[in-house]
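Before any comments, here is the structure.
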There are 2 protein chains.
Amino acid sequence: MKRDSRLSSVLHALLHMAEQDGPVTSDILAQCLGTNPVVVRRTMGYLRDAGIVGSDRGHAGGWRIHADLGSVTLRQLHEALGEPAMFAIGNRNEMPECLVEQSVNAALEGAFEEAESLLLKRFSEITLADLAADFARRHAAERSRRS
Amino acid sequence: MKRDSRLSSVLHALLHMAEQDGPVTSDILAQCLGTNPVVVRRTMGYLRDAGIVGSDRGHAGGWRIHADLGSVTLRQLHEALGEPAMFAIGNRNEMPECLVEQSVNAALEGAFEEAESLLLKRFSEITLADLAADFARRHAAERSRRS
DNA sequence: TTTCATGTAACTAACAATGTTACATAACAG
DNA sequence: CTGTTATGTAACATTGTTAGTTACATGAAA
């Protein structure tokens with residue numbers, strides 16, 4: 001199944017932006033992500049609509065983070081992206097008449113809802129600041145490894 | 001995203017088979033599932049390879065359950081289907097060089113692995129007998145509702 | 001007024017799940 | 001042994017989704 005990688009993409013982009021002083025253009029972000037500037041605009045547009053980032057046109061334009069890194073959680077980003085489906089496995093038929101299928105659906109839905117709750121809970125516990133700190137650790141380790 | 005509904009399908013099929021005395025043909029199961037007998041054979045084939053069901057050709061042939069309903073868990077069925085990916089959300093890039101992306105991947109993978117563990121745990125706690133019992137409850141409720 | 005940037009529509013490509021067609025193979029009834 | 005009923009499976013079509021691409025409009029600033 002083709003997985004939705006937009007959450008991963010925006011996190012990657014946001015952390016690169018956090019490393020920069022000024023705004024970062026879609027072109028630069030596209031290079032970082034290994035994709036196309038239009039895809040960046042399309043995806044980052046969701047975050048703009050949610051007020052998490054801002055974009056400016058023209059000279060010295062680009063994308064800027066509009067919020068404190070410590071106040072943005074993965075859950076907020078997931079919501080900003082429209083809360084896409086988490087699971088690649090699902091019921092064959094929602095709302096079936098067949099009682100057998102209703103039992104099957106109920107069992108699977110119970111398990112999936114529980115897992116989704118856990119995921120959302122974890123997402124709400126992780127902020128951009130946490131990721132930035134993890135990156136700083138990796139960066140320091142890389143430097144000491146090379147010396 | 002297009003979800004994999006094979007687990008839901010085989011559960012539905014197995015419960016219908018459990019309701020019958022003799023073997024059930026792919027044609028009958030296809031009607032129950034609202035699909036094609038070839039799809040049934042293809043999907044049930046995984047369960048046959050895992051020894052959970054058996055199939056016989058010719059007259060009075062069809063599919064039969066080869067195990068006790070109480071001993072078959074959703075997890076076994078998931079494994080028999082080849083342990084397909086559970087999540088529709090994923091990293092943009094596995095094994096990235098970029099340290100930023102490594103931090104992002106690590107955070108997301110941690111959350112997803114935790115959720116997957118929970119799901120597998122729940123799957124291993126639910127047997128076909130549990131689903132059959134739930135179906136019996138629904139069936140009884142339906143009958144009393146109609147009277 | 002030129003350049004640099006985003007905004008967005010429309011189209012293409014890639015891929016995976018499911019559906020379909022066609023035919024081979026096996027079991028059994030008569 | 002032959003016809004019928006069933007599975008086994010390869011090959012192809014359909015559908016749906018994500019991501020990539022092209023093209024052009026719009027706005028801001030040098």
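All chains are named by letter (A, B, ...) in the order of the sequence lines, taking the proteins before the strands, and each is independently numbered beginning at 1.
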Practice task
Give a yes/no verdict on a cation-pi contact between Arg3(B) and Phe87(A), requiring under 6.0 Å between NZ or CZ and the six-membered ring centre and an angle within 45° of the axis.
Solution key: no
Exercise for the section: To the nearest Å, give me how far apart CZ (Arg6(B)) and C1' (dA16(C)) are. Expected result: 11 Å
Fill in the blank from the handout: The nucleotide from dT18(D), dG20(D), dG19(C) with an atom nearest the side chain of Asn36(B) is dG19(C)
Problem - All pairs passing salt bridge (charged side-chain N to carboxylate O under 4.0 Å, His left out) where residues 64-89 of chain A contributes a residue, at least two apart - result: Asp56(A)-Arg64(A), Arg75(A)-Glu79(A)
Distances for protein N/O vs nucleotides 7-10 of chain C N/O pairs under 3.5 angstrom?
from	atom 1	to	atom 2	distance (Å)
dG7(C)	OP1	Arg48(A)	NH1	2.4
dG7(C)	OP1	Ser55(A)	OG	2.9
dG7(C)	OP2	Arg48(A)	NH1	2.5
dA10(C)	N6	Arg42(A)	NH2	3.3

Problem - Interatomic distance, Asp56(A) CG vs dG27(D) P [rounded to whole Å] - result: 14 Å
Exercise for the section: Go through the steps to decide whether Leu14(A) and Leu47(A) satisfy the test side chain to side chain contact (heavy atoms under 4.5 Å, CB included), and finish with yes or no. Expected result: CA-CA 10 Å; Leu14(A) 287 165; Leu47(A) 306 193; 3.9 Å; yes
Problem - Under-4.0 Å side-chain N/O to phosphate OP1/OP2 contact, Arg92(B) with dG20(D) - result: yes
Fill in the blank from the handout: Taking for His59(A) and for His59(B) the nucleotide of DNA chain D with the nearest heavy atom, the one nearer the 5' end belongs to His59(B)
Exercise for the section: Please tell me which of Asp27(B) and Gly34(A) maps to the more 5' nucleotide of DNA chain D, matching each residue to the nucleotide holding its nearest heavy atom. Expected result: Asp27(B)
Problem - Shortest non-hydrogen contact from Gln76(A) toward Ile52(A) - result: O-CD1, 4.4 Å
Handout entry: Distance test, side-chain N/O of Ser5(A) to OP1/OP2 of dA19(D), below 4.0 Å
Key = yes
Problem - Donor-acceptor pair under 3.5 Å, Lys2(B) side chain vs dT15(D) base - result: yes
Problem - Pairing of Glu125(B) and Lys121(B) as salt bridge, 4.0 angstrom limit - result: yes
Completion exercise
Rounded to whole Å, CG of Leu7(B) lies from C1' of dT18(C) at a distance of 16 Å
Problem - Stepwise side chain to side chain contact (heavy atoms under 4.5 Å, CB included) check, Thr25(A) with Trp63(A) - result: CA-CA 6 Å; Thr25(A) 66; Trp63(A) 298 89; 6.0 Å; no
Exercise for the section: With rounding to the nearest 0.5 Å, note down the distance linking SG in Cys32(A) to NE2 in His12(A). Expected result: 5.5 Å
Exercise for the section: Report the distance from atom CD1 of Ile28(A) to atom P of dC4(C), rounded to the nearest whole Å. Expected result: 13 Å
Completion exercise
Arg64(B) CZ to dA6(D) C1', in whole Å, measures 12 Å
Exercise for the section: Output the residues of residues 16-26 of chain A in contact with DNA chain C, where contact means a heavy atom of the residue under 4.0 Å from an atom of the strand; sort by number or write none. Expected result: Thr25(A), Ser26(A)
Exercise for the section: Please answer whether the main-chain N or O of Leu119(A) pairs with a side-chain N or O of Glu114(B) as donor and acceptor at a distance below 3.5 Å. Expected result: no
Fill in the blank from the handout: Atom CG of Leu29(B) and atom C1' of dA6(D) are separated, to the nearest Å, by 13 Å
Practice task
Write down the distance between CD1 (Ile89(A)) and C1' (dA16(C)), rounded to a whole number of angstrom.
Solution key: 14 Å
Exercise for the section: Measure the acute angle between the ring planes of Phe112(B) and Phe123(A), then classify it against the limits of 30° and 60° as parallel, tilted or perpendicular. Expected result: perpendicular
Practice task
Mind calculating the distance between CG (Leu81(A)) and P (dA19(D)) to the nearest angstrom?
Solution key: 10 Å
